[in-house]
Amino acid sequence: MAAAASVVVLCALVVLAAAGGASAWPVMSPSYYEASCPSVYDIVRRVVQEARCTDPRAPASLLRLHFHDCFVNGCDGSLLLDDFGAMQSEKNAPPNKGSARGFDVVDGIKAALENACPGVVSCADILALAAEISVELSGGPSWNVMLGRRDGTAANFEGARDLPGPTDDLDLLRRKFSEFNLDDTDFVALQGAHTIGRAQCRFFHDRLYNISGTEQPDQTLDMAYLNELRQSCPASDPESAALRNLDPPTPDAFDNSYYGNLLRNRGLLQSDQGMLSAPGGAASTTAPIVVWFAGSQDDFFRSFATAMVKMGNISPLTGSMGEIRRNCRVVNRG
């Protein structure tokens, strides 16, 4: 794949005032590394671009890592930690095991940053930057990434077991997002990350053959699409890791095609199609937002950028909390 043309994005850097009185910790800011590691953005972008050229799935994988990190312990890089002693890695929790990927790209970014600015840039901030750059390189919006997170020193395996999942019903998904002050517009926009990437058959197999234990396919699934999916996801292999594009018309382009798929009942995952078709709740909550985004890519892009900033602000460690890991896979020792 040819490298994308360089895009120069001029961002106005703002200094944020702490609300409610003086803060005990430095305020996060897009310019946090301006003095300590001024080349941070360019370094992350270069490594992500290199990864994208050799692996078209890399942007979606990196975007998913940031999401799965922030929803467990906050945006603290805990997802990146390997097993150590009694600590179980979040990587091995069911929502991540065998599907979360891109860790090697994060390792490459960290190595490049340690060479340029040793001990300065956190792994949590690497995930936030890599997510924004992945979206922008795929044709999506850009936004000012708030920086200044520090890294957690413990994984939360049990917390990772409860990540929003592809078979969760709409009410459960909305509740999981609202727990982090993400409203329905944020939820529907963040689900739009599925405009890029792939999903394994095991995550939607029940929709094809046995939705909710009925031994019938999901009736909200377009029948022609159902038959197409069954060709690559046979009934005999419910744990298949075979891949299908989340957004078949434009699988590697960040656009609003994903929402058009939902309007045609061609959402791949139950969690996707449910935003339009779930009985009882979708019509008065998420379905109008799906229709809105299907009709306006600009509005989707603006809402997605806003939701990503909000998600990136979930319980960050700042100031003297946590640490700056030298290796994203292990906590510092000595």
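Because the structure is a prediction, the values reported are computed rather than measured.
- The residues Lys110 and Asp107 are annotated as not salt-bridged, no charged nitrogen and carboxylate oxygen being separated by less than 4.0 angstrom.
- Contact check on Asp252 versus Arg198 returns a salt bridge, with a Lys/Arg side-chain nitrogen under 4.0 Å from an Asp/Glu carboxylate oxygen.
- Atom SG in Cys70 sits 6.5 Å away from atom CZ in Arg149 (nearest 0.5 Å).
- Between the side chains of Ser232 and Arg244, a donor-acceptor pair is found at a separation under 3.5 Å.
- Looking only at atom types and distance, the side chain of Thr285 has no donor-acceptor partner in the side chain of Asp184 under 3.5 Å away.
- In this structure, CE in Met87 is found 12.5 Å from CZ in Phe157, a value given to the nearest 0.5 Å.
- Here the side chains of Pro248 and Glu228 are not in contact, with every heavy-atom distance at 4.5 Å or above.
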For this session: List the steps and the verdict of side-chain contact (heavy atoms from CB on, under 4.5 Å) for Asp183 and Lys310.
Result: CA-CA 10 Å; Asp183 62 25; Lys310 289 175 68 174; 4.2 Å; yes
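- A donor-acceptor pair shorter than 3.5 Å can be found between the side chains of Asp247 and Thr250.
- Counted by atom type alone, Thr214 and Ser212 present zero donor-acceptor pairs between their side chains at under 3.5 Å.
- Between Val120 and Ser36, the shortest heavy-atom contact is CG1-OG, 3.5 Å.
- Here the straight-line distance linking atom CG of Leu62 with atom CG of Asp55 works out to 9.0 Å at 0.5 Å rounding.
- Looking at Ser134, its side chain never comes within 3.5 Å of a backbone N or O of Ala60 through a donor-acceptor pair.
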For this session: Show your reasoning for whether salt bridge (Lys or Arg N to Asp or Glu O under 4.0 Å) applies to Asp222 and Arg264.
Result: CA-CA 7 Å; Asp222 174 79; Arg264 295 188 294 276; over 6 Å; no
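- Contact check for Met311 versus Phe180: no side-chain heavy atoms found under the 4.5 Å cut-off.
- Two residues are said to be in side-chain contact when any heavy atoms from C-beta on lie closer than 4.5 Å; Arg161 and Pro94 meet this criterion.
- Between the side chain of Asp151 and the main chain of Arg325, a donor-acceptor pair closer than 3.5 Å is present.
- With hydrogens and angles ignored, the 3.5 Å screen pairs no side-chain donor or acceptor of Arg45 with any backbone N or O of Ile133.
- The shortest side-chain heavy-atom distance between Leu137 and Pro59 does not fall under the 4.5 Å cut-off.
- Side-chain contact of Glu90 with Ser78: a donor-acceptor pair under 3.5 Å is present, judged by distance alone.
- Side chains of Val330 and Phe84 form no contact here, defined as non-hydrogen atoms less than 4.5 Å apart.
- Residues Leu127 and Phe103 are members of one and the same hydrophobic cluster, defined by side-chain heavy-atom contacts under 4.5 angstrom among Ile, Leu, Val, Met, Phe, Trp and Tyr.
- No donor-acceptor distance shorter than 3.5 angstrom exists from the side chain of Glu158 to the backbone of Asn156, with no hydrogens or angles considered.
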For this session: Let me see the working for Asp237 and Cys201 under side-chain contact (heavy atoms from CB on, under 4.5 Å), right down to the final yes or no.
Result: CA-CA 9 Å; Asp237 192 4; Cys201 288; over 6 Å; no
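- Summarising the geometry of His66 relative to Gly312, their closest heavy-atom pair is NE2-CA, 4.1 Å, with the distance given to 0.1 Å.
- Here the side chains of Pro141 and Val135 are in contact, with some heavy-atom distance below 4.5 Å.
- Under the 4.5 Å side-chain criterion, counting only non-hydrogen atoms from C-beta, Val121 is not in contact with Ile109.
- Judged by distance alone, with hydrogens and angles left aside, the side-chain atoms of Ser39 form no donor-acceptor pair with the main-chain N or O of Asp42 at under 3.5 Å.
- No side-chain donor-acceptor contact under 3.5 Å links Gln216 to the backbone of Asn210.
- Ring orientation note: the planes of Phe187 and Phe177 are tilted relative to one another, at an angle of 30° to 60°.
- Ion pairing between a basic and an acidic side chain is recognised when a charged N comes within 4.0 Å of a carboxylate O; Lys176 and Glu179 show no such pairing.
- Of the inter-residue distances, the one linking Leu170 atom CG with Ser271 atom OG reads 10.0 Å to the nearest 0.5 angstrom.
- Judged by distance alone, the side chain of Asn115 and the main-chain N or O of Ala112 form no donor-acceptor pair under 3.5 Å.
- By the neighbour-count criterion of 12 heavy atoms within 6.0 Å, atom CD of Glu215 is sparsely surrounded, having that number or fewer from other residues, nucleotides or ligands.
- Rounding to the nearest 0.5 Å places CD1 of Ile126 at 8.5 Å from CG of Leu80.
- Looking at heavy atoms from C-beta onward, Tyr33 lies out of side-chain contact with Cys117 at the 4.5 angstrom threshold.
- Note on Leu182: it clusters hydrophobically with Leu163, by side-chain heavy-atom contacts below 4.5 Å among ILVMFWY residues.
- A donor-acceptor contact shorter than 3.5 Å links the side chain of Asp69 to the backbone of Gly77.
- If you chain together hydrophobic residues whose side chains sit under 4.5 Å apart, Tyr41 and Val44 fall into the same group.
- Judged by distance alone, the side chain of Gln200 and the main-chain N or O of Gly98 form a donor-acceptor pair under 3.5 Å.
- Minimum heavy-atom separation, Leu63 to Ala193: CD2-CB, 3.6 Å.
- Between the side chains of Gln273 and Asn265, at least one donor N or O sits under 3.5 Å from an acceptor N or O.
- Residues Trp292 and Tyr258 share a hydrophobic cluster, clusters being chains of Ile/Leu/Val/Met/Phe/Trp/Tyr side chains in contact below 4.5 Å.
- To the nearest 0.5 Å, atom OG of residue Ser29 and atom CG of residue Leu147 are 7.5 Å apart.
- Side-chain atoms of Tyr209 never come within 3.5 Å of backbone atoms of Pro238 as a donor-acceptor pair (strictly under, hydrogens ignored).
- Ion pairing between Asp272 and Arg207 fails under the 4.0 Å rule for side-chain N and carboxylate O.
- Phe293 and Leu246 are members of different hydrophobic clusters when ILVMFWY side chains are connected at heavy-atom separations under 4.5 Å.
- Using modelled atom types and a 3.5 Å distance limit, the side chains of Tyr225 and Asn261 yield no donor-acceptor pair.
- For the 3.5 Å distance criterion, the side chains of Ser61 and Arg101 qualify, holding a donor opposite an acceptor.
- Taking each heavy atom of Arg329 and Asp104 in turn, the nearest pair found is NH2-N, 4.2 Å.
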